[in-house]
Amino acid sequence: MIYLNSSNQKSMINIEYSWTYFRFSNFRLILLFLTSLILLAAQQVKSEELSLKCIGKFEINRGELIKPDWEISYLTINLDGLKSTILDNGIKKEGRTLIRRNYYTITHRDNSYRIKATYKIDQTHGTYMVNYPQRNRTLVGICEKGRG
């Protein structure tokens with residue numbers, strides 16, 4: 001009969017068990033991350049979108065104007081309450097969509113999370129209003145179903 005040192009044998013078993021557990025826990029973490037990523041992408045793909053072309057003019061107290069008095073914005077509103085995209089003067093912006101009663105409200109924020117613009121679209125009348133709080137300006141206009 002061969003007798004092994006029991007403390008040596010236990011330490012070898014503990015080392016092997018800890019490495020196996022470490023690999024298994026990393027595998028579960030990566031699997032969880034990939035599953036959530038796939039589910040989020042599937043939710044965005046299945047969501048219904050509304051494309052609008054909006055034309056508006058600034059209010060009366062607009063100050064000096066260098067460029068034209070009117071602006072055209074292309075809005076893609078995600079009806080599931082996710083991110084909406086705004087193509088405004090060739091610049092693509094994103095904002096969070098809030099749907100209440102007959103209004104779509106899209107809030108565009110900058111990197112420091114301050115509100116740059118708030119887009120408010122009336123679904124029944126087809127009007128929209130853009131409030132720029134940092135510039136103290138308001139754009140008022142109409143929307144119609146657009147490209148997309």
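By convention here, the first residue in the shown sequence is residue 1.
Using a 4.5 Å cut-off on side-chain heavy atoms (C-beta onward), Ile30 and Leu34 make contact. With contacts defined as side-chain heavy-atom distances shorter than 4.5 Å, the pair Thr107/Leu98 does not qualify. Taking the side chain as every heavy atom from C-beta outward, Val130 and Thr118 never approach each other to under 4.5 Å.
With rounding to the nearest 0.5 Å, the separation of NZ in Lys83 from OG1 in Thr76 is 14.5 Å. For the atom pair CD (Glu144) and OG (Ser51), the distance works out to 12.5 Å, reported to the nearest 0.5 Å. The OG1 atom of Thr35 lies 4.5 Å from the CG atom of Leu31; values are rounded to the nearest 0.5 Å.
Between Tyr119 and Ala117, the closest heavy-atom pair is CE1-CB, 3.8 Å. Nearest heavy-atom pair, Ile77 versus Ser84, reported as atom, atom and distance to 0.1 Å: CA-OG, 3.5 Å. Scanning all heavy atoms of the two residues, the minimum distance from Gln123 to Arg101 falls at OE1-O, 4.4 Å. The two atoms that bring Glu71 and Tyr128 nearest to each other are O-OH, 4.3 Å, heavy atoms only.
Applying the side-chain contact (heavy atoms from CB on, under 4.5 Å) test to Thr127 and every residue at least two apart in sequence or in another chain returns Asp122, His125. Remark: Asp110 engages Arg114 in a salt bridge (charged side-chain N to carboxylate O under 4.0 Å, His left out) (not counting sequence neighbours). Residues passing the side-chain contact (heavy atoms from CB on, under 4.5 Å) test with Thr138, sequence neighbours excluded: Glu59, Met129, Asn131, Val140.
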Starting from the C-alpha separation in whole Å, work towards a yes-or-no answer on side chain to side chain contact (heavy atoms under 4.5 Å, CB included) for Lys92 and Thr85.
CA-CA 7 Å; Lys92 186 176 180 180; Thr85 57; 4.0 Å; yes
Could you check Lys116 against Arg109 for side chain to side chain contact (heavy atoms under 4.5 Å, CB included), going step by step and ending with a plain yes or no?
CA-CA 5 Å; Lys116 287 188 84 173; Arg109 296 180 183 267; over 6 Å; no
Test log, rule side chain to side chain contact (heavy atoms under 4.5 Å, CB included), inputs Leu50 and Leu52:
CA-CA 7 Å; Leu50 175 67; Leu52 299 173; 4.2 Å; yes
Please test Leu75 against Ile121 for side chain to side chain contact (heavy atoms under 4.5 Å, CB included), starting from the C-alpha separation and ending with a verdict.
CA-CA 10 Å; Leu75 303 166; Ile121 298 105; 3.7 Å; yes
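Both the sub-6.0 Å distance and the 45° axial angle are not jointly satisfied by Arg100 relative to the ring of Tyr103.
Here Ile115 sits alone; no ILVMFWY side chain lies under 4.5 Å from its own, so it joins no hydrophobic cluster.
Ile142 and Tyr104 are not part of a single hydrophobic cluster, where members link through side-chain heavy atoms under 4.5 Å apart.
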